[in-house]
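These notes are about the structure you will find just below.
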Amino acid sequence: MGLEAALEAAAEFLDKAVKPVLVGGPKLRVANATDAFVELADACGYPLAVMPSAKGLVPEHHPHFTGTYWGAVSTPFCAEIVESADAYLFAGPIFNDYTSVGYSLLLKKEKAIIVQPDRVVIGNGPAFGCILMKDFLRALGKRLKRNTTAYENYHRIFVPEGHPLKSAPKEPLRVNVLFQHIQNMLSSETAVIAETGDSWFNCQKLKLPQGCGYEFQMQYGSIGWSVGATLGYAQAVPEKRVIACIGDGSFQVTAQDVSTMIRYGQRTIIFLINNGGYTIEVEIHDGPYNVIKNWNYTGLVDALHNGEGKCWTTKVHCEEELIEAINTATGDKKDNLCFIEVVVHKDDTSKELLEWGSRVSAANSRPPNPQ
């Protein structure tokens, strides 16, 4: 009866909206509701976005997929459609200072249906408990009138993104050029692990082919998380080649896990992005503590390798060297753990990190609320 009441209220709320949208959140995974969410999107025709921490949970080849909704640092044209909607259904969201870009999302509670793994809240009320998200989403798809208005609006305003400027011969490598090449490596036989830091934003912009895995850890912003996560992911799906994008600061926290990767014969490709410090921290709150001791990263991995197991390392400074390294890693050394150190300028960050950092900094440095 509770499910029936929630469905009735939600269908009425969404059917009277002119341009409703759907946004998937990270709790879709724990609720085991990703398939039900996609079924709902198929049935209702609304545009489909994901929160940053849910990237990889929803197929990006879906015809109505519009990208990542992350407030001011969303995929182009995605935030405009979500924030101008007159109703939005969030399935399994987590709103915190990071996902809300310093609490700057232009959302109104009265326009939102929030579906959590066992609870549904519609606008400012009513709330329905003891309802499984999977059951609710699956049944809601059968109740809603099809409405493609918001997706048609998105389609009207959409302009394909530009490409990075062509590199001059031997020009120092730029991060946007690096990620253009990583994009071309992706397939159903790969998975991406994105470390906390600027890799969050650069990997967020990757378009995942059908079947390509993706993991990143936003909940705690754990610097160093990805090295162990890469080890665990590669061990769980040996048929996939894992591509990990890790900053030098993060790598220094958990570098020794590479030893276990070599021991177990993993074929991961690690891009170690060496920009001389904790770049994400620089953008939130700069200080001398964000500059780190530079390591000979390839030398360290060679020492861990120590001639036992299959491991190949290289250091690249320009696009020509990067292309050669990728060709080797996917060719002659495709059965090896490949460690590619990419040397870039310390101020070479994504525009999204600059915006996100200044907003999170403003939110986190405000004086305490006297209440």
Side-chain angles (χ1 to χ4, degrees), residues 21-70 74-78 81-82 89 91-92 133-134 137-138 141 146 148 150-151 154-155 158-161 163 178-194 199-218 226 229-230 232-245 266-269 271 326 329-331 334:
V21 299
L22 296 175
V23 185
K27 290 187 187 175
L28 278 171
R29 191 201 303 251
V30 292
N32 198 18
T34 50
D35 291 346
F37 185 66
V38 174
E39 276 177 40
L40 170 61
D42 289 340
C44 67
Y46 302 176
L48 177 62
V50 290
M51 296 181 76
S53 41
K55 185 177 173 75
L57 296 184
V58 171
E60 300 192 0
H61 60 277
H62 190 280
H64 285 188
F65 185 76
T66 60
T68 300
Y69 173 61
W70 201 355
S74 299
T75 305
F77 311 104
C78 177
I81 292 300
V82 172
L89 184 148
M133 184 194 287
K134 185 163 57 172
L137 296 178
R138 195 155 269 147
R146 194 167 170 81
T148 56
Y151 181 73
Y154 169 79
H155 202 64
F158 177 76
V159 178
E161 61 195 68
H163 295 289
L178 165 65
F179 277 89
Q180 186 181 30
H181 286 282
I182 291 174
Q183 174 70 68
N184 294 336
M185 296 170 74
L186 302 186
S187 72
S188 61
E189 287 158 17
T190 59
V192 177
I193 306 280
S199 291
W200 267 3
F201 303 92
N202 290 305
C203 291
Q204 196 62 236
K205 290 187 274 191
L206 295 172
K207 292 179 176 50
L208 303 180
Q210 187 169 356
C212 179
Y214 185 91
E215 295 293 333
F216 89 147
Q217 200 287 104
M218 172 156 250
S226 69
T230 298
Y233 197 107
Q235 195 64 8
V237 282
E239 69 279 6
K240 279 189 189 292
R241 191 138 199 218
V242 178
I243 298 169
C245 302
Q266 295 185 355
R267 306 176 299 124
T268 297
I269 301 174
F271 287 98
I326 290 172
T330 54
K334 68 177 185 297

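Quick note: residue numbers are just sequence positions, from 1.
- Applying the 6.0 Å contact sphere to NE2 of His163 captures no more than 12 heavy atoms from other residues, nucleotides or ligands.
- A heavy-atom distance below 4.5 Å is not found between the side chains of Phe179 and Lys205.
- Aromatic ring pairs are classed by plane angle as parallel below 30°, tilted from 30° to 60° and perpendicular above 60°; the pair Tyr154 and Phe77 is perpendicular.
- The only option from Val192, Thr190, Thr330, Leu206 that meets the side-chain contact (heavy atoms from CB on, under 4.5 Å) definition with Met185 turns out to be Thr330.
- Going from atom CZ of Phe37 over to atom NE2 of His62 covers 9.0 Å, rounded to the nearest 0.5 Å.
- The nearest pair of heavy atoms linking Pro47 to Thr66 is CB-CG2, 3.8 Å.
- Going from atom CD1 of Ile243 over to atom SG of Cys203 covers 9.5 Å, rounded to the nearest 0.5 Å.
- Taken to the nearest 0.5 Å, the CD atom of Glu239 stands 10.5 Å off from the OG atom of Ser188.
- Shown here for Ala150 and Val21, the closest heavy-atom pair between the two residues is CB-CG1, 4.0 Å.
- At a threshold of 4.5 Å between non-hydrogen side-chain atoms, the residues Pro63 and Tyr151 do not count as touching.
- Using a 4.5 Å heavy-atom threshold, the side chains of Met218 and Trp70 count as touching.
- The local environment of CZ in Arg138 is crowded, with over 12 non-hydrogen atoms from other residues, nucleotides or ligands closer than 6.0 Å.
- With values rounded to the nearest 0.5 angstrom, Trp200 atom CH2 is found 9.5 Å from Ser53 atom OG.
- In plain terms, the two heavy atoms of Gln266 and Thr230 that are nearest each other are OE1-O, 4.2 Å.
- Nearest heavy atom pair, residue Met133 against residue Ala33, reads SD-CB, 3.6 Å.
- Side-chain contact between Leu137 and Leu28 is present, with heavy atoms from C-beta onward closer than 4.5 Å.
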Could you please spell out the steps behind the side chain to side chain contact (heavy atoms under 4.5 Å, CB included) verdict for Val50 and Phe65?
CA-CA 9 Å; Val50 290; Phe65 185 76; 4.2 Å; yes
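- Here the straight-line distance linking atom OG1 of Thr148 with atom OH of Tyr46 works out to 10.5 Å at 0.5 Å rounding.
- A pairwise comparison of heavy atoms in Arg241 and Thr268 identifies NH2-O, 4.4 Å as the closest pair.
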Going through the distances and angles, do Lys207 and Glu161 end up as a side chain to side chain contact (heavy atoms under 4.5 Å, CB included)?
CA-CA 12 Å; Lys207 292 179 176 50; Glu161 61 195 68; 2.9 Å; yes
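- The nearest pair of heavy atoms linking Cys245 to Ser199 is O-OG, 3.3 Å.
- Of the possible donor and acceptor atoms, one in the side chain of His64 sits under 3.5 Å from a partner among the backbone N and O of Gly45.
- Note: Asp42 CG to Arg146 CZ = 8.0 Å, rounded to the nearest 0.5 Å.
- Within the 3.5 Å criterion, the main-chain N or O of Thr68 finds a donor-acceptor partner in the side chain of Thr75.
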